[in-house]
Amino acid sequence: RFDLSSWSAGLVCTARQRMVLERSQRIGLGLTGTKLGCAEGGCGACTVMLSKYQPHLRRVHHSVNGCLAPLCSLHHCAVTTVEGIGSVAGKLHPVQERIAKSHGSQCGFCTPGIVMSMYSLLRNNPTPRMADIEEAFQGNLCRCTGYRPILEGYKTFTKVRPHKHTLSVMQHPEDETSVFPAPLYNPADFLPLDPTQEIIFPPELMSSQQLRFRGERVLWLQPASLDQLLELKTQYPNAKMVVGNTEFKNLLYPVILAPAYIPELNAIQHTDEGIVFGASCSLTLLGDVLKEAVGKLPSYQTEVFTSIQEQLRWFAGLQIRNVAHIKVSSPLRPSVCRCLFLAVCLFLGGGERVVVMDEKFFPGYRRTILTPEEVLLCVLIPYTKKYFAAYKQSPRREDDISIVTSGMSVTFAEGSTVVKHLALSYGGMAATTVMAKNTASRLLGKQWGEELLQDACSSLAEEMTLHPSAPGGMVTYRRTLTLSLFYKFYLTVQQKLASEVRNTHHNYLHNMLLLTSPSSVQIFQAVPDGQKEEDVVGRPMMHLSAMKQATGEAVYCDDIPLYENELYLCLITSTKAHARIQSIDTSEAESMPGVVTCVFAKDIPGSNMTGPIIYDETVLAVDTVTCVGHIIGAVVADTQAHAQRAAKAVKITYQELQPVIITIQDAITHQSFFQPVRTIQRGDLDQGFTQADHILEGEMHMGGQEHFYLETNVTVAIPRGEDGEMELFVSTQSATKTQSLVAKALGVPASRVVIRVKRMGGGFGGKESRSTTLSTVVAVAAQKLKRPVRCMLDRDEDMLVTGGRHPFYGRYKVGFMKSGKVVALEVTYYNNAGNSIDLSLSIMERALFHMENSYSIANIRGRGYVCKTHLPSNTAFRGFGGPQGMLIAESWMSDVALSLGLPAEQVRRLNMYMQGERTPYSQILDHITLDRCWDQCLEISSFNQRRAGVETYNRDHRWTKRGLSVVPTKFGISFTALFLNQAGALAHIYTDGSVLLTHGGTEMGQGLHTKMVQVASRTLGIPSSKIHITETSTNTVPNTSPTAASASSDLNGAAVHNACEILLHRLEPYKTKNPKGCWEDWVNAAYFDRVNLSANGFYKYVNLGYDFETNTGRPFNYFSYGVACSEVEIDCLTGSHKNMHTSIVIDVGNSLNPALDIGQVEGGFMQGVGLYTLEELKYSPEGYLFTRGPGMYKIPAFGDIPTDLTVSLLRDAPNDKAIFSSKAIGEPPLFLAASVFFAIKDAITAARKESGLSGPFRLDSPATPERIRNTCEDRFTKLCPPAEPGTFTPWAVVV
């Protein structure tokens, strides 16, 4: 019995024990506002508010992950979903309205979860601080917006009023210097928040009782008292105890005990020794109680409390902490061994024992010393009686699994600094927490000083060892961290001991704890004076779907209601990278409940060959698999759970084949390349190197990237019952390609297949070509069974089978003069294509087209090899090879500056293109704005002052360093495949004057439909409210190009313009006859005169085409230019970094919509920050992907945005080659995040200088904490040298 306020009061549900809340809302009630992004509580898309009554806390409102909350656990709870707080048809809640109007919703798939996180916060605190808002969002991810507009919109709920640094502004076109407030939205228009109008907690839910639910495979028992719990534990000694259920995914427990409501397990007691917490207390409650104690008690008593608070802040998201409880909480485990917590355990017979939570308490991974006959009652967290500190190092600071954690405590002999007792514990150095007992023993009786530090580091290096093949990898880094973290502890104790500490130590400790809320500025050009109010082109118009997305009413593919007789499909995939299939046994799977059939290659009526360009891959594997994740078949069942369970029961035997080629280096060794090998050359390379004063050679590897669109790939296929007709609802960027490949597999003409795309929850290139395989498999199953079939991939499936951005390896040889002028460049690129060609050759071609980035080089040659490996095929991703090619270009540019000892910005500026110069592929650059972007970026970032500040800071600090970098970009706009540079549109005018518009582009959050409505509105001269776009479909606009290459606004906008002009021409006679009439009058007159009020529009780029053989032609229609300046601070001891400042100036021509364009700049930039500093795909040597979800794969979070961010759209830069003088915006901004990468490299250079190191050095991408720390060579890294390559098998390989 629970209340779902978004549905109806007092709703009674029949519980399915293993079903979680998100699934029950969607399947049982048809409430689809809550989204499923990962099914492991890592993305926050499924966030809802849970309210319950607990006697000791009274009413409790908190955010939880709907994808983890078991339905049975909600007994006597009130659940509020995004639908329950407001709607477009009724009234939006202020939380919904503000995220929409502040442009904080792009694809919208994450928006309901973010809305509910904010709503939950406001229910508890109507006037939060910015720090509270940032904490509330630690469990939410967004892949589109870059987070800034979300925080800025919700800042209006705080008491802090926006000031000039947080206002969007625009520049007046007549005055180069004037800047005045003109925000992207007006906060005065927002609805006020009225806490008195919120939904009340139903009184009938204010009691608890014992419950018993029996399901298909699970028995759920919820005792109401401690006696009942002990009785049930006697009856079911091996039952799983579930309180928070933060790890329920893919696990089956036949009997579950849920003691969440037992008073004794939720009690909190303050004693003379410390604070006693009941074992069911949530981590949020734990943190709140400790925070209160820290505020009241003397600091010497609360060092343990303070450390736990700090660890809790970085443990998981708030949704997890709200339900995770003290027994299994991983942030407490390292603390346990340092603080000696006391645990009280109850015997089933009624007795109890008290145990010390030391290193013996956790005998194995996720195991405790509790016996099946015992129940943990409570835990005592003691007051501090010694110096104490705890540390955690992870790839991403917020909501991340630690690499190494540590807790340390020291007690000194009375009146001295002689060590009396020392405890050093580490997590991440073994399967359980380990104590550095030898080191601690060795340091007893020694004075706390430099000699002790040296002894401790030497001893730790010997004691804290790891095998080079240890699970988790990063062996050298982890070993070094044990020393670095001890040094931090050493400095902490020094600071507390001494009345005055050396500045370097004091500044280090103070600075790395400093947290600052972000501020931002957006600069854009005003629309011209006199532009009509109804002409919305150039105005910051809100995304047309933003309000529907904020209320959960926007319909995504999986939100389509279930069809009658609909079935669910689950893929069967390979577990081997290269093997022959010997047998497939489906007998067990087919006998399972709900299973209807299995689908294999023999069931494909048409062709089993597929591929976006070349048909070099199969829809379903036949005899051989060529990657882990290769799709072999599928199981179709009545529900998702039954299909997934059966798919795991399919038994496949393999004969493994050799070689297994996983990495680029493997491919080079085996000469495993797709053909052709592309080359671009201009000038005389030999002469250039002869002319050069210096020649430098280097290499760089750049890792791949997972798209991590919040909505995974999904298809719903409906057979129409006659002539082989099939209708598919698909989340795809390529409707036409999906249509043609599905028709090919079904053996029917393309005209019998209709693809419909309403919107996508993100795409980024990942749904351009790789989505087609899933759609084809689902269509084959639907045709075989003559029933509707649906499949939405789980996050781990999607990451396994769909590929991502291509890893690149580059070798370069560069010749340059003493001044820094580059005169010769030879560069060779290798990309890891995976097991099929897909779009890899085109991606390599674009990398070659961008091999010089923004620099004019007289003598240049680039060559590109596409490596064939046994990984899932890599594919398009925002930038399409450009970010890889340009990063390697900036690497050799950085090396040139370092080798000459010149400022990098000076060398970059010296080599930049000027108007009229030729590229290596012989295209003349006209209307170049690179120099203007550069100069403006230096100005708005106060570059010279910032550089001086960095140098001063670095002189004063040894263990933190700051870096600064300014990086340009030149990005070519068009498809490099000539035939794709076309678009169509269809416009209908109805007799009431409304307009239905459709075009060839798909909406994935970038605001393409919004811009197309703006174009049509201006062209037709009518308000945008009269124009509607319902979807993209192949039966309205045929033969469409993928929504990709940043060209969609250009191509589709011109096609829309063409269609509207045709209609205007037809209406012109009626406007002339009735000049005082209105739009509806002219439309009706034309209709009654039998004029066609429907028109097709078409557009293609002209004068395009490039020949690699002759190096002639014009591959790009025009170029987008931009420059970014970034400042970072690195922690030299751990490798962590903070993004302190970024200024971006980017040329978007005359912006069609500044709000959308700035959103694309910020979103693309943050995706680039992930690419270059954070996101790391890890594969085993056998080709198995370890990083298959947000638990292991980290995209940037709210806390990763620059503290100070300025985005300026270059003014007075019209582009005569695109619609209404605009420019493409989707891909160009991403590379500007390389400014963060090279700012990190600049900071590392300063750190290396402290160790006497200078000159060029290699830093591969991404610049993770591991790479940063290992490159900052110092006395600690020297004590932990890496094992010799070839002497061990690594846990993970660089692919």
Exercise for the section: Go through the steps for Gln1006 and Leu1156 under the test side-chain contact (heavy atoms from CB on, under 4.5 Å), then give the verdict. Expected result: CA-CA 7 Å; Gln1006 80 279 42; Leu1156 295 181; over 6 Å; no
Tell me which donor-acceptor pairs under 3.5 Å the side chains of residues 901-910 have, and how far apart each pair is, sequence neighbours excluded?
{"residue": "Arg908", "atom": "NE", "partner": "Glu890", "partner atom": "OE1", "Å": "2.6"}
{"residue": "Arg908", "atom": "NH2", "partner": "Glu890", "partner atom": "OE1", "Å": "3.1"}

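Salt-bridge annotation for Glu852 and Lys970: present, with a side-chain N of the basic residue lying under 4.0 Å from a carboxylate O of the acidic one. Note on Arg148 versus Glu1162: salt bridge recorded, some NZ/NE/NH1/NH2 to OD/OE distance being below 4.0 Å. With respect to Glu1176 and Arg1267, a salt bridge is recorded, a charged nitrogen being found less than 4.0 Å from a carboxylate O. A salt bridge does not link Glu135 with Arg313: none of the charged nitrogens is closer than 4.0 Å to a carboxylate oxygen. The pair Lys961-Glu1250 meets the salt-bridge criterion, with a side-chain N (NZ, NE, NH1 or NH2) lying under 4.0 Å from an Asp/Glu carboxylate O.
Remark: of the listed residues Phe1116, Tyr855, Phe880, Phe1116 is the sole one forming a ring pair (Phe, Tyr, Trp, His ring centres under 6.0 Å) with His850.
In this structure a side-chain-to-backbone donor-acceptor pair under 3.5 Å is missing from Thr1173 to Gly1170. Not a single donor-acceptor pair under 3.5 Å links the side chain of Glu1175 to the backbone N or O of Ile1195. Asp1147 places no side-chain N or O within 3.5 Å of a backbone atom of Leu1210 that could act as its donor or acceptor partner.
Phe524 does not carry Arg1211 over the face of its six-membered ring by the limits of under 6.0 Å from the centre and within 45° of the normal. Both the sub-6.0 Å distance and the 45° axial angle are satisfied by Arg1248 relative to the ring of Phe1257. Remark: Arg1269 is not positioned above the aromatic ring of Tyr477, lacking an NZ or CZ atom under 6.0 angstrom from the ring centre and at most 45 degrees off the axis.
Checking Ser965 against Ser1126 by side-chain atom types alone, no donor-acceptor pair falls below 3.5 Å. A donor-acceptor contact under 3.5 angstrom links the side chains of Ser1136 and Gln393, judged on distance only. With hydrogens and angles left out, the side-chain atoms of Asp1050 and Tyr1118 include a donor and acceptor closer than 3.5 Å.
Atom CG in Leu1259 sits 9.0 Å away from atom OG in Ser894 (nearest 0.5 Å).
The side-chain contact (heavy atoms from CB on, under 4.5 Å) test applied to Ala1197 returns Leu141, Arg396, Glu398, Asp1200, not counting sequence neighbours. A search for ring pair (Phe, Tyr, Trp, His ring centres under 6.0 Å) contacts involving His543 returns nothing, not counting sequence neighbours.
Scanning both residues, Gln1167 and His707, for their nearest heavy atoms gives NE2-O, 4.3 Å.
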